[in-house]
**Student:** 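Okay, handing you the structure first.
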Amino acid sequence: MNGDLFERLIRLLIVSLNVDCVSGTMQVPVKDVDGTELFKSSYQHDLLLSKDNELKIIGLVKTSSKDRIDKVFMDKFLYNRLTDTALPHIAIFLNDVQRKKTKRENVAPADALKCAAELKR
């Protein structure tokens, strides 16, 4: 499956649960130690999940976790440090076919949808 199509599918599934979900670029302020804003940094995300117009979860959607799992942790660390928040970050990966050694299927998208459903409450 093409990466853009997979990302769109996940977004549509989350939206079908009546959860606000978009992709896009955010402008994150970078401040000095005194709290003075120096500039804004562009920060692109695959999933921005909101409730009542407030950002609740930031997500990454990829067709493979190969060489990308560390990006989730770095994104979370940098975003939370720059914004002085503790916003959750999630990652959804399509089945890693290049690493697959058994017939067991990956269930990560279902787990992510379960997390999105929690936002409805």
**Student:** Hydrophobic clusters here meaning ILVMFWY residues chained together by side-chain heavy-atom distances under 4.5 Å, can you tell me if I10 and L48 are in one?
**Tutor:** no

**Student:** Might you confirm whether atom CG of D84 has over 12 heavy atoms from other residues, nucleotides or ligands at distances under 6.0 Å?
**Tutor:** no

**Student:** On a heavy-atom basis, which atom in E7 and which in S23 lie closest, and how many Å separate them?
**Tutor:** OE2-CB, 3.9 Å

**Student:** Please state whether the rings of Y43 and Y79 are parallel, tilted or perpendicular, taking 30° and 60° as the class boundaries.
**Tutor:**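 Taking Y79 first and then Y43, their aromatic rings lie parallel (interplane angle under 30°).
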
**Student:** Indicate yes or no: at least one non-hydrogen side-chain atom of L13 is less than 4.5 angstrom from one of L17.
**Tutor:**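 The answer is no, as the side chains (C-beta and beyond) never meet within the 4.5 Å cut-off.
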
**Student:** Calculate, to the nearest 0.5 Å, the distance between atoms CG and CG belonging to L55 and L49 respectively.
**Tutor:**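 Here the interatomic distance stands at 8.0 Å.
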
**Student:** Would you say I58 ends up clustered with V28 if hydrophobic residues are merged whenever their side chains have heavy atoms under 4.5 Å apart, either directly or through other cluster members?
**Tutor:** yes

**Student:** Are side-chain heavy atoms of I92 and L60 found at a separation under 4.5 Å?
**Tutor:**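 No, too far: nothing below the 4.5 Å cut-off.
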
**Student:** Quick one: does D32's side chain have a donor or acceptor within less than 3.5 Å of a partner on D34's backbone?
**Tutor:**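 A pair under 3.5 Å: yes.
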
**Student:** For residues L82 and M26: do they belong to one hydrophobic cluster (side chain heavy atoms under 4.5 Å, members Ile, Leu, Val, Met, Phe, Trp, Tyr)?
**Tutor:**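 Yes, L82 connects to M26 through the hydrophobic network.
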
**Student:** Which residues satisfy the salt bridge (charged side-chain N to carboxylate O under 4.0 Å, His left out) test with K71, sequence neighbours excluded?
**Tutor:**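 Only D75 meet the salt bridge (charged side-chain N to carboxylate O under 4.0 Å, His left out) criterion with K71.
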
**Student:** Walk me through whether D46 and K62 qualify under side-chain contact (heavy atoms from CB on, under 4.5 Å).
**Tutor:** CA-CA 9 Å; D46 299 330; K62 297 295 176 199; 3.9 Å; yes

**Student:** Which pair of heavy atoms, one from C21 and one from V15, lies closest together, and at what distance?
**Tutor:** O-CG2, 3.8 Å

**Student:** Is there a path of hydrophobic side-chain contacts, each under 4.5 Å between heavy atoms, that joins I90 and L94?
**Tutor:**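 Yes; tracing contacts between hydrophobic side chains, which count when under 4.5 Å, links both residues.
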
**Student:** Look only at the side chain of N80 and the backbone of L87, and say whether a donor-acceptor pair between them is shorter than 3.5 Å.
**Tutor:**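 At least one qualifying donor-acceptor pair exists.
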
**Student:** Are R11 and L47 close enough that some pair of their side-chain heavy atoms sits under 4.5 Å apart?
**Tutor:**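 Yes. Closest side-chain heavy atoms under 4.5 Å.
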
**Student:** For Q27 and S41, which I'm curious about, is there any donor-acceptor pair between the side chains at under 3.5 Å?
**Tutor:**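 Note: Q27 and S41 side chains miss the donor-acceptor criterion.
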
